[in-house]
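The first residue of the sequence shown is numbered 1, and numbering continues consecutively from there.
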Amino acid sequence: MHILLAASAFNSLTQRVHAELRDRGHSVAVELALPGVCLAEAVDRHRPDLVLAPMLKTPIPREVWSAHTCLIVHPGPVGDRGPSSLDWAVTEDATRWGVTVLQACAEMDAGDVWATAECPLPPVGKSDAYRGEIADAALSAVLTAVDRFASGTYVPERQLSGRTRPYLRQEVRRIDWANDSTRSVVRALRAADSRPGVLDELLGGQWFLHGGHPEDLLRGRPGELIATRAGAICRATVDGAVWIPELRARRMPGEPGGPAPVKLPATLALGDRLPPLPEIPAPTRADTVTDGGTRADADAPRTWSDITYRERGGAGFLTFSFPGGAMSTTQCRRLLAAYREACTRPVSVLVLGGGRDFFSNGIHLGVIEAAADPAEESWANINAMDDLVEAVLTTTDRFVVAALGGNAAAGGAMLALAADEVWCRSGVVLNPHYRLMGLYGSEYWTYTLPRRTGTGVAQRLTADALPISAEAARRLGLVDRTIDCAPQEFADETSRLAVRVADSPAVLSRIAGKKARREADEGVRPLAAYREAELARMRETFFDPQAPYHALRRAFVRKEPADRTPPHLVRTVPGRRTAPLPTRRPPVTGPAVQDRAPGPADC
């Protein structure tokens, strides 16, 4: 079938649906529901067999749903209605939730049900659950609904009742620091972790707080700041404390128009407002650190760190989790230091990653945008990323695995390719390209990507700038193993497999083989030559004020609305069963001419 995806943004769920529908042979196109854009005209142009809305904040017009079957993906069980479904579920501490695919009609979320799927809702942030358990359930329900529609015989079930809940406003999210427990504060922060954040007053300013992790050992007067760690702030509650990784300044009412504030590491956002506070080092044992609400040792005090290391048998596990998958210059350097320390340990297998959410999305565009000199910060950040990737590529005394429990894009995807093997959870979506941000790319991609996929496929992947599923990535050679498990199970599954590899008699010969291949490759063309060539292109872009990168970066981090659907999404992409990589455009990795118009990089 030809399916048109109507979405408010090309977000993680829309990308996954796009990729997996193509894997199943359907042709797919996208139209963004933007202000001033007539969706009815877009549907007439595409003439789809089915309109599917994986993430839509506005109603589908009557003239569209009355003439075409339009299926809406609602992130809630049957009968749940309203725009803040998942926010309410996290706020109310639900342990199970669901996704419903229903037919668009005059009343929001009240249409006939085509499919539904239940899922657990673990104690993690809303956006983490959305990309994990909710996305898994949504994909299951979407595929069922599409198959039922294709059959031509299925009759959807009517909704006999429902409850419409209002938008979850800031007055409901508000934290009472004088009375709320750590559990209550963490729950409020998790329900708003990515957007919209929890509005609060702090150090004479108003801020949106993003993300929250419990802390059992530190104490202070409720509401006061008591420590910092790796860019996060620790704020006391009535019975403990919470770590808050990111803040976003509130644009005050009546302020003149200007760029929207950027979400930043908390200490960077506060700047000179931040009083002298102790920088509390993270514990070295991973079993004392919370990770999405769980910890290896249930009796250990809870705390938080974005980088942890542990060992099991002959395998070491260096896990990292940065908000939004973005890695600033400082974060790259800290991760590189931790990687070098891990490489001193007596293990034969080193697993990089393994968490349940984002692996990495590359350089931190928010920190770059907020810098006094964005060009200089871009340059520092890409060099720090390159240093990290180089360290992985030149590790020849142990077997390195990149374990992707969550999505990866741009330089983050190339960081994974630097490892000897890439293991992905089956629900992962990869975006191995840079073009939509107007960048040529670095992280040694011109070495690692072609050696895995071949030059032709590498050129098409970077030119198409489309998401691919974990299974498609495995078929193309980007991924060595897919692990079909729930997000909460990925760390344990990865650990079990890594220990098995470490115990294998063949591991030493595999290490010797990779060392020989690295030496042979170095003799053909040194890694330094790849880096120099890539960085020459990147430097030219960073320090050119007229380069599209600057406007694209600004639009992306400040959430500026697009004025049209990007052309690479509008075009119909055939299903992979008949065309594994359908485009035949020239191998361009810089910004395509037709994509230079103002607007954010919706990828």
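- Contact check for Trp177 versus Thr237: side-chain heavy atoms found under the 4.5 Å cut-off.
- With a 4.5 Å cut-off on side-chain heavy atoms, Phe320 and Ile307 count as touching.
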- Carefully, step by step, assess Thr303 and Arg229 under the rule side chain to side chain donor-acceptor pair (under 3.5 Å). CA-CA 11 Å; Thr303 189; Arg229 174 183 294 162; 2.9 Å; yes

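- Looking at heavy atoms from C-beta onward, His364 lies in side-chain contact with Pro265 at the 4.5 angstrom threshold.
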- Task: Report the C-alpha distance between Asp93 and Thr95 in whole Å, list the side-chain angles of each, state the deciding distance to 0.1 Å, and finish with yes or no for side chain to side chain contact (heavy atoms under 4.5 Å, CB included).
- Result: CA-CA 6 Å; Asp93 226 4; Thr95 58; over 6 Å; no

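- Side chain of Glu41 to backbone of Cys38: no donor-acceptor contact under 3.5 angstrom is found.
- Counted within 6.0 Å of CD on Glu157, heavy atoms from surrounding residues, nucleotides or ligands total 12 or fewer; the atom is thus considered open.
- With hydrogens and angles disregarded, a donor-acceptor distance shorter than 3.5 Å links the side chain of Gln170 to the backbone of Leu199.
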- Could you walk me through whether Val73 and Val17 pass side chain to side chain contact (heavy atoms under 4.5 Å, CB included), step by step? CA-CA 11 Å; Val73 179; Val17 170; 5.9 Å; no

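- Aromatic rings of Phe358 and Phe322 (six-membered ring for Trp) have centroids beyond the 6.0 Å cut-off, not under it.
- Counting only distance, with no hydrogens or angles, the side chain of Arg248 and the backbone of Ala260 share no donor-acceptor pair below 3.5 Å.
- Using modelled atom types and a 3.5 Å distance limit, the side chains of Gln15 and Asn431 yield a donor-acceptor pair.
- Scanning both residues, Arg553 and Pro374, for their nearest heavy atoms gives NH2-CB, 3.6 Å.
- No donor-acceptor distance shorter than 3.5 angstrom exists from the side chain of Thr164 to the backbone of Arg81, with no hydrogens or angles considered.
- Counting only distance, with no hydrogens or angles, the side chain of Thr100 and the backbone of Gly76 share a donor-acceptor pair below 3.5 Å.
- Applying side chain to side chain contact (heavy atoms under 4.5 Å, CB included) to Leu247 and the options Leu202, Leu264, Thr267 leaves one that passes, Leu202.
- Here the side chain of Asn361 pairs a donor or acceptor atom with the backbone of Gly324 at under 3.5 angstrom.
- If you check the side chains of Asp80 and Trp97, you find no donor sitting under 3.5 Å from an acceptor.
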- Task: Evaluate the side chain to side chain contact (heavy atoms under 4.5 Å, CB included) criterion for residues Leu121 and Leu86: first the C-alpha distance (whole Å), next the side-chain angles of each, then the deciding distance (0.1 Å), finally the verdict.
- Result: CA-CA 10 Å; Leu121 192 60; Leu86 193 52; 4.1 Å; yes

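- Between the side chain of Arg273 and the main chain of Leu203, a donor-acceptor pair closer than 3.5 Å is present.
- Within 6.0 Å of the CZ atom in Arg169, the count of heavy atoms belonging to other residues, nucleotides or ligands does not exceed 12.
- In the displayed structure, Arg187 atom CZ is contacted under 6.0 Å by more than 12 heavy atoms of other residues, nucleotides or ligands.
- Taking 4.5 Å as the limit, some side-chain heavy atom of Asp136 sits within range of a side-chain heavy atom of Arg425.
- Interatomic distance, SG of Cys234 versus CD1 of Ile280, reported as 8.5 Å (0.5 Å rounding).
- Within the 4.5 Å cutoff, side-chain heavy atoms of Arg235 are placed close to those of Leu209.
- Using a 4.5 Å heavy-atom cutoff, the side chains of Val28 and Leu52 are not in contact.
- Applying side-chain hydrogen bond (donor to acceptor under 3.5 Å, both in side chains) to Lys126 and the options Asp87, Asp193, Thr91 leaves one that passes, Asp87.
- Side-chain atoms of Asp239 come within 3.5 Å of backbone atoms of Thr182 as a donor-acceptor pair (strictly under, hydrogens ignored).
- Side-chain atoms of Gln103 and Thr69 include no donor-acceptor pair closer than 3.5 Å.
- Side-chain contact, Tyr549 with Ser378: a donor N or O sits under 3.5 Å from an acceptor N or O.
- The 12-atom threshold is not exceeded at CZ of Arg174, counting heavy atoms of other residues, nucleotides or ligands nearer than 6.0 Å.
- Within the 4.5 Å cutoff, no side-chain heavy atoms of Pro156 are placed close to those of Val113.
- The distance from the CG atom of Leu39 to the SG atom of Cys70 is 7.5 Å, given to the nearest 0.5 Å.
- A donor-acceptor distance shorter than 3.5 angstrom exists from the side chain of Thr565 to the backbone of Leu32, with no hydrogens or angles considered.
- With a 4.5 Å cut-off on side-chain heavy atoms, Glu133 and Pro487 count as touching.
- For the pair Arg219 (side chain) and Asp216 (backbone), a donor-acceptor distance under 3.5 Å is present.
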- Report the C-alpha distance between Arg558 and Val262 in whole Å, list the side-chain angles of each, state the deciding distance to 0.1 Å, and finish with yes or no for side chain to side chain contact (heavy atoms under 4.5 Å, CB included). CA-CA 6 Å; Arg558 299 188 186 279; Val262 177; 3.4 Å; yes

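- The number of heavy-atom neighbours closer than 6.0 Å to CD of Glu63, taken from other residues, nucleotides and ligands shown, is above 12.
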